[in-house]
Amino acid sequence: MEFTVLTSFPMFLLLVLGLVFLYIKRAQNYWKRKGVSQLKPNLIFGDLKSITTGAESQSDFYTKIYFDAKSQGLKGIGIYAGCIPVYIPINVELVKRMLVKDFSSFHGSGLYYHETDSLSVNIFSVEGDQWKKQRTKMTPIFTSGKLKQMFEIIKDKGEKMIQIVQEHAELDQLIDIKDLAARYTTDTIADVAFGLDCNTLRHPQHKLREIGRSLMTPKPWKRTLEMIFPFDFLGKLGYRSLSSDVYDYFLPMIKSAIDYREKSGFHRVDFLQLLMQLKGSLYSDTPKSKSDQKSSRFSETEVVSNAFAIYAAGFETSSSTTCFAIYELASNPDIQEKLRKEILDSLNKHNQQITYESISEMEYLDKVFKETLRKYPIVTALPRACTKDYNIDNTVTLNKGTQLMIPLTGLHWDPEFYPNPEQFNPENFSPEKIASRPEGTYLPFGDGPRFCLGMRFGVLQSKFALVLLIKDFRFTLEESSKGKPLEFARGMFLTSPKDPVMMKATKI
């Protein structure tokens, strides 16, 4: 009997491993059976080994896939995250159709959310009627009128940033523009999102900066779980999409701020206040029944989650954009001087004041900003989920639940749309050049109904920083970094410089 057990167990194990192998091989032939071209997936990682192991940045990965597939004349290509099939649309008309015209088939972001995970039920993740409600209710929060009321907060943080640049310039010290921009946007977003004056500009080791870095640290295994298992199943198991330190820090802080304002009647114009109003204010003059009113109001969980989401989505995206813009301006002194002239002319026109309106009037600043996001889209690949079966053409159908990744870096670096794409050229966004390109070739904020709701705030925050920095200082690169392209951080979902970006600021 003992001999039988000892000899049968290895055979049983081999049988199990064989069945697992066959299952994986069949799963990784899904796209072939669909008639869609695919890569040669690794048995464990699928096609994401280079990203998961940190051998390649997401930007480089999706750009390479885009150009390889386009060279073959493909509309799209299939890849695998482990065994999970992911579709990558390549054709620009198909991308535009999916995001806009056929949005009803792709209204999901594919990001995890569940009611038990109190920081996940925000506008960036939820789907269906819950997303429609949040989108409708939150749209008035981001109007130009509301942003004008918050402009003084942005100005205050920007002026504190300039003081630090001034100190470095006087001491002839290099500045890590990547870190400086991150501290500026952390302070700004923390203040307008939930009224927190953390001053990381002067206190770089503040807990909020530590948590911010934690948010940006990739966790591939979590994303894998979220792709494999239904959200409801994970939620009922108590799964949470973020690390415990994020919940431990943000939940009590935001709830405490809400409780204080509700009990004291304290009021200030920021996103938290506007979100709190959604618990009772309906932004509608149309009479509603009590049940309709209740269903259309925000729960406290939705207020907390969206306050957190505004912070999480705003600080890294804006800081990286500002960093990339200053890097390119330092690399292209003629463009920097042209922008400076526009800024100084605007100041003369507006009594040496930087205003919401004056920033909006600066056309060359707008070109520089757009070209920065063309060359460095912060979201390298836009996630979407197929919410019902969708026919790409007469031969290929995407099934409900299929994950999509739209390769923005590939579209933005395509020489068919942007000649010499590696060159930083703000004139890519002259009215004539814009009119010459098909729609869907520039998507830093997405497109269609899920277009980034916080775009105006992000643009304002970054543009204001550029105006302040360029009007008084001339930026030049550290000698050792001149002529070298920036390397992107690996394993990150967002595009970010791999190393510190050191600059010399000279007072003008």
Side-chain angles (χ1 to χ4, degrees), residues 151 154-185 187-188 201 317-376 378 423-430 457-478 481-482 486 497 500-508:
F151 189 57
I154 301 174
K155 286 180 67 175
D156 174 65
K157 309 307 178 188
E159 288 163 2
K160 289 178 179 177
M161 173 183 68
I162 291 303
Q163 291 173 10
I164 292 175
V165 177
Q166 177 71 39
E167 292 165 8
H168 280 73
E170 290 173 353
L171 296 171
D172 198 28
Q173 294 177 335
L174 293 175
I175 302 170
D176 180 0
I177 203 70
K178 173 185 174 183
D179 181 65
L180 181 69
R183 285 148 57 197
Y184 157 69
T185 57
D187 286 357
T188 304
L201 280 163
T317 53
S318 293
S319 67
S320 291
T321 301
T322 303
C323 172
F324 287 131
I326 293 294
Y327 169 82
E328 287 293 346
L329 292 170
S331 303
N332 298 276
D334 55 330
I335 296 176
Q336 185 178 162
E337 290 303 322
K338 186 173 180 178
L339 176 58
R340 183 174 294 110
K341 182 180 184 307
E342 180 184 64
I343 292 170
L344 296 177
D345 288 346
S346 175
L347 285 170
N348 290 332
K349 179 181 174 182
H350 292 273
N351 299 317
Q352 301 304 308
Q353 297 297 311
I354 305 171
T355 65
Y356 181 92
E357 288 76 15
S358 68
I359 292 175
S360 301
E361 292 170 4
M362 296 184 200
E363 295 181 359
Y364 196 65
L365 172 64
D366 189 57
K367 291 179 181 179
V368 168
F369 179 82
K370 287 178 177 175
E371 175 68 355
T372 300
L373 285 179
R374 192 279 304 171
K375 190 172 179 181
Y376 306 100
I378 305 303
Q423 177 186 349
F424 186 81
N425 178 19
E427 293 308 317
N428 277 324
F429 292 91
S430 67
F457 179 82
V459 172
L460 176 62
Q461 182 179 216
S462 293
K463 283 186 175 181
F464 180 70
L466 293 177
V467 170
L468 283 182
L469 292 167
I470 296 301
K471 79 180 182 71
D472 289 331
F473 299 94
R474 181 172 288 108
F475 287 88
T476 54
L477 293 175
E478 180 191 21
S481 61
K482 289 182 178 178
L486 283 178
V501 182
M502 306 307 295
M503 298 274 179
K504 180 178 181 180
T506 305
K507 188 79 166 74
I508 296 174

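Between Ile175 and Lys504 the shortest side-chain heavy-atom distance does not fall below 4.5 Å. By the 4.5 Å heavy-atom criterion applied to side chains, Phe473 and Ile162 are counted as neighbours. Side-chain contact between Ile470 and Ile326: present, with at least one pair of heavy atoms (C-beta onward) separated by less than 4.5 Å. No side-chain heavy atom of Asp366 sits under 4.5 Å from any side-chain heavy atom of Phe429. Considering only heavy atoms from C-beta on, Phe424 stays 4.5 Å or farther from Ser331 through its side chain. Using a 4.5 Å heavy-atom threshold, the side chains of Thr506 and Phe475 count as separate. Side-chain contact between Ile154 and Tyr184: present, with at least one pair of heavy atoms (C-beta onward) separated by less than 4.5 Å. Residues Met362 and Val467 have side chains in contact (heavy-atom distance under 4.5 Å, counting atoms from C-beta outward).
Closest approach of Pro497 and Lys178 over heavy atoms only: O-NZ, 2.7 Å. When all heavy atoms are compared, the tightest approach of Glu371 to Asn425 is OE2-N, 2.8 Å. Among all heavy-atom pairs drawn from Leu201 and Met161, the shortest one is CD1-N, 3.8 Å. Taking both residues in full, the closest heavy atoms of Arg374 and Gln423 are given as NH2-O, 3.1 Å, listed atom of the first, atom of the second, then distance. Closest heavy-atom contact between Phe457 and Thr188: CZ-CG2, 4.0 Å. The nearest pair of heavy atoms linking His168 to Leu174 is CD2-O, 3.4 Å.
Atoms CG and CZ, from Asp345 and Arg340 in turn, are 12.5 Å apart once rounded to the nearest 0.5 Å. One distance of note links OH of Tyr364 with CD1 of Ile335; it measures 4.5 Å at 0.5 Å rounding. Between Leu365 atom CG and Ile343 atom CD1 the span is 6.0 Å, to the nearest 0.5 Å. Rounding to the nearest 0.5 Å gives a distance of 11.0 Å between CG of Leu180 and CE of Met503. The distance from atom OG of Ser346 to atom CD of Gln353, rounded to the nearest 0.5 Å, is 11.0 Å. Of the inter-residue distances, the one linking Glu342 atom CD with Lys367 atom NZ reads 9.0 Å to the nearest 0.5 angstrom.
No close placement of the Phe464 and Tyr356 rings is indicated, their centers lying 6.0 Å or farther apart.
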- Walk me through it: do Leu486 and Phe324 pass the test side-chain contact (heavy atoms from CB on, under 4.5 Å)? CA-CA 9 Å; Leu486 283 178; Phe324 287 131; 3.6 Å; yes
- Kindly determine whether Asp187 and Arg183 satisfy salt bridge (Lys or Arg N to Asp or Glu O under 4.0 Å), including the steps that lead there. CA-CA 6 Å; Asp187 286 357; Arg183 285 148 57 197; over 6 Å; no
- Message: Please determine whether salt bridge (Lys or Arg N to Asp or Glu O under 4.0 Å) holds for the pair Lys507 and Glu170, giving the CA-CA distance in whole Å, both sets of side-chain angles, and the decisive distance to 0.1 Å.
- Response: CA-CA 8 Å; Lys507 188 79 166 74; Glu170 290 173 353; over 6 Å; no
- Item | salt bridge (Lys or Arg N to Asp or Glu O under 4.0 Å) assessment of Asp334 paired with Lys338 | CA-CA 6 Å; Asp334 55 330; Lys338 186 173 180 178; over 6 Å; no
- Can Thr355 and Ser358 be said to form a side-chain hydrogen bond (donor to acceptor under 3.5 Å, both in side chains), step by step? CA-CA 5 Å; Thr355 65; Ser358 68; 3.3 Å; yes
- Output, in order, the C-alpha distance, side-chain angles, deciding distance and verdict of side-chain hydrogen bond (donor to acceptor under 3.5 Å, both in side chains) for Asn332 and Gln336. CA-CA 6 Å; Asn332 298 276; Gln336 185 178 162; over 6 Å; no
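Between the side chains of Glu361 and His350, at least one donor N or O lies within less than 3.5 Å of an accepting N or O. Between the side chains of Ser319 and Thr322, not a single donor N or O lies within less than 3.5 Å of an accepting N or O.
Not a single donor-acceptor pair under 3.5 Å links the side chain of Glu328 to the backbone N or O of Thr372. Between the side chain of Thr185 and the backbone N or O of Ala182, at least one donor-acceptor pair lies under 3.5 Å. The backbone N or O of Leu347 sits nowhere less than 3.5 Å from a side-chain atom of Asn351 that would complete a donor-acceptor pair.
Aromatic ring orientation, Tyr376 versus Tyr327: perpendicular (interplanar angle above 60°, classes split at 30° and 60°).
The environment of CD in Gln173 is crowded: more than 12 heavy-atom neighbours from other residues, nucleotides or ligands sit within 6.0 Å. Under a cut-off of 6.0 angstrom, the local environment of NZ in Lys160 is crowded, with over 12 non-hydrogen atoms contributed by other residues, nucleotides or ligands.
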